[in-house]
K.L.:
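I am attaching a structure below and will ask some questions about it afterwards.
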Amino acid sequence: MQLATWNVNSLGVRLPQLLDWLAAHPVDAIVLQETKLTDDKFPHAELLAAGYHAQWFGQKTYNGVALLSRTPATDVLRNLPGLADEQARVITGTVAGVRVIGAYFPNGQAPDSDKFVYKMAWLDALQKHVADELSRHPHVVLMGDFNIAPEDRDVYDPVAWAGQIHCTPQERAHFQALLDQGMVDAFRLFEQAPKSWSWWDYRNLAFRKNQGLRIDHILVSEALRGQVQACAIDKLPRKNERPSDHAPVVLSLNLV
DNA sequence: ATGGCCTTATGTTAAGGA
C-alpha cells in the first residue's frame, strides 16, 4: 500500500501536474493541501476519471484539503473536533483499514504574531484529535504540510532560522508531543541523504541552490512501524514548469 | 557580480505564504 501527501499550492493551477504524477505513481491514497478551491469548484470528475475517489473540504483563496483514494474513504471528518475554525485545514478518513489524517498546519507567520497564537491553539486541538483517533484505530497515518521543521538537520541554514517560524521551540515541542503519543516520523526510519527538503522558496533560486526545509511529513502509529517499507520525498515535480513550492512525500506500507 | 517568487481577488496593488 502506498500513501502520499502533497501541498499543491492551488489545485486549480496544479491539476494537470497532479494527474501526471498520479499516472506515474498510482498510490492508493494521497492527501492534498492548499487546494485553494471552494467545494463547488473541486475537480472530482477529472479525478474519478483518473481512478480516484475524492473527499474534499475547501474555501475561497486560502487553505483547502482533500483525500483521494482508489477505494472510497469512509467515516470522513472535516477539520478538528472541538475547534471552531473557519479555515479548511484537516480531512480525516479511513482507507483500506488505515485511518488517514491529512492536514495543512497553520503557517504561523512570526512567533510574535496573532497567527502564531492561532497555530498553537490549532496544534492543541490536533493533539487531541490524534489521541482520539489513536484510541480507536491501531493504524493511523498523519500526513501533510506541518509547517514545522522538527530538527536543525531539517533546515538548510539552522543558524539563520533559529527561533524563526517553523523552527521555534514551541512548534518543535508540538512535533515531539505527536511522537510522544506514539507516532513515528516515517522518513527518519531510513537513512536519508543529508539536506533532504520538502519545500523550497520560490524566491532566490532556492531550489537550484537546494536551500529548503523539511516541513512536509508522514507520521505513522506505532502499530504500523513494522510495516513501513520506505518513505521518500519526490523532488522531481519541483523541477516542473510552474511547480508547487512543495514536493510530494510517499510512504510504502507492507499492507494489502 | 547581482537580484531574483507565486497565487488569489469586491484585482491593476495587497496580502499571504514559508
Side-chain angles (χ1 to χ4, degrees), chain A residues 5-18 21 31-43 56-66 85-90 102-123 126 143-175 187 195-217 233 235 237-249:
Chain A
T5 176
W6 194 4
N7 180 326
V8 292
N9 185 17
S10 170
L11 186 55
V13 173
R14 234 67 67 186
L15 179 62
Q17 292 184 38
L18 174 65
W21 191 85
V31 292
L32 307 175
Q33 301 88 41
E34 288 206 85
T35 56
K36 297 187 177 179
L37 294 173
T38 49
D39 287 343
D40 56 306
K41 299 207 170 100
F42 191 85
W56 59 94
F57 180 39
Q59 64 181 89
K60 189 151 71 164
T61 313
Y62 302 116
N63 310 314
V65 288
D85 194 354
E86 293 180 1
Q87 305 186 25
R89 295 188 172 276
V90 189
Y104 175 45
F105 290 41
N107 174 295
Q109 201 169 55
D112 60 353
S113 67
D114 289 346
K115 293 192 171 70
F116 190 82
V117 175
Y118 164 70
K119 184 173 194 171
M120 290 297 116
W122 187 94
L123 283 163
L126 177 75
M143 56 185 174
D145 175 358
F146 282 49
N147 275 320
I148 299 173
E151 301 177 58
D152 280 354
R153 61 175 166 163
D154 300 311
V155 182
Y156 72 94
D157 187 347
V159 173
W161 281 78
Q164 300 299 308
I165 197 64
H166 307 327
C167 303
T168 64
Q170 297 98 310
E171 291 164 281
R172 287 179 169 178
H174 265 288
F175 191 89
F187 189 75
K195 304 184 192 304
S196 288
W197 323 124
S198 67
W199 171 86
W200 300 258
D201 201 307
Y202 282 124
R203 297 166 292 190
N204 308 320
L205 299 176
F207 183 69
R208 203 182 301 178
K209 295 190 279 195
N210 197 32
Q211 297 179 341
L213 307 174
R214 190 176 73 97
I215 52 176
D216 299 84
H217 306 295
I233 298 168
K235 284 172 68 167
R238 191 61 176 77
K239 299 180 181 175
N240 289 345
E241 229 173 285
R242 277 190 98 184
S244 168
D245 43 353
H246 294 255
V249 188

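Each chain gets a letter, A, B and so on, in the order its sequence line appears, and its residues count up from 1.
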K.L.:
With sequence neighbours left out, write down each residue that passes side chain to side chain donor-acceptor pair (under 3.5 Å) with A:Thr168, or none if nothing qualifies.
P.N.:
A:Glu171
K.L.:
Please work out if A:Phe105 contacts a base, only the sugar-phosphate, or nothing of the nucleic acid, heavy-atom cut-off 4.0 Å.
P.N.:
nothing
K.L.:
Would you measure the distance from the C1' atom in B:dG16 across to the matching atom in B:dG11 and give it in whole Å?
P.N.:
15 Å
K.L.:
Sequence neighbours excluded, which residues qualify as ring-ring contact (aromatic ring centres under 6.0 Å, His included) partners of A:Phe187?
P.N.:
none
K.L.:
So what does A:Leu205 hit on the nucleic acid, given a heavy-atom distance under 4.0 Å: a base, only sugar-phosphate, or nothing?
P.N.:
base
K.L.:
Under the rule for side chain to side chain contact (heavy atoms under 4.5 Å, CB included), what residues qualify as partners of A:Ser113, not counting sequence neighbours?
P.N.:
A:Gln109, A:Ala110, A:Lys115, A:Phe116
K.L.:
Could I get the full list of side chain to side chain donor-acceptor pair (under 3.5 Å) partners for A:Asn210, not counting sequence neighbours?
P.N.:
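Here the qualifying residues are A:Trp197, A:Trp200.
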K.L.:
Taking any heavy-atom pair under 4.0 Å as a contact, classify A:Asp145: base, sugar-phosphate, or nothing.
P.N.:
sugar-phosphate
K.L.:
Looking only at atom P, what distance separates B:dA18 and B:dC6, rounded to whole Å?
P.N.:
15 Å
K.L.:
Looking for any heavy atom pair under 4.0 Å, which part of the strands does A:Asn7 touch: base, sugar-phosphate only, or nothing?
P.N.:
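Counting heavy atoms under 4.0 Å across all strands, the contact made by A:Asn7 is with sugar-phosphate only.
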K.L.:
Hey, can you pull the donor-acceptor pairs under 3.5 Å for the side chains in residues 158-167 of chain A, sequence neighbours left out?
P.N.:
from: A:Trp161; atom 1: NE1; to: A:Tyr156; atom 2: OH; distance (Å): 3.4
from: A:His166; atom 1: ND1; to: A:Asn147; atom 2: O; distance (Å): 2.9

K.L.:
With salt bridge (charged side-chain N to carboxylate O under 4.0 Å, His left out) as the test, would you mind laying out the steps for A:Arg172 and A:Asp152 before giving the verdict?
P.N.:
CA-CA 10 Å; A:Arg172 287 179 169 178; A:Asp152 280 354; 3.0 Å; yes
K.L.:
In whole angstrom, give me the gap between the C1' atoms of B:dT7 and B:dT12.
P.N.:
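So the two C1' atoms sit 15 Å from each other.
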K.L.:
Using chain A heavy atoms and a threshold of under 4.0 Å, write down where along DNA chain B the contacts begin and end, 5' to 3'.
P.N.:
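Contact span on the strand: B:dG4 to B:dA18.
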K.L.:
If we check side-chain contact (heavy atoms from CB on, under 4.5 Å) with A:Arg14, which of these qualifies: A:Asn7, A:Val8, A:Leu32?
P.N.:
A:Val8
K.L.:
With a 4.0 Å cut-off on heavy atoms, is A:Asn147 in touch with a base, just the backbone sugar-phosphate, or nothing at all?
P.N.:
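Answer is sugar-phosphate: A:Asn147 comes under 4.0 Å of backbone atoms only.
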K.L.:
So what does A:Arg208 hit on the nucleic acid, given a heavy-atom distance under 4.0 Å: a base, only sugar-phosphate, or nothing?
P.N.:
nothing
K.L.:
Once you apply a heavy-atom cut-off of 4.0 Å, does A:Gln164 come out as touching a base, just sugar-phosphate, or nothing?
P.N.:
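A:Gln164: no heavy atom of the nucleic acid under 4.0 Å.
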K.L.:
Taking the P atom of each, how far is B:dC5 from B:dT10, in whole Å?
P.N.:
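Approximately 25 Å lies between the P atom of B:dC5 and that of B:dT10.
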K.L.:
With P as the reference atom in both, quote the distance from B:dT8 to B:dT2 in angstrom, rounded to an integer.
P.N.:
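34 Å, rounded to whole Å.
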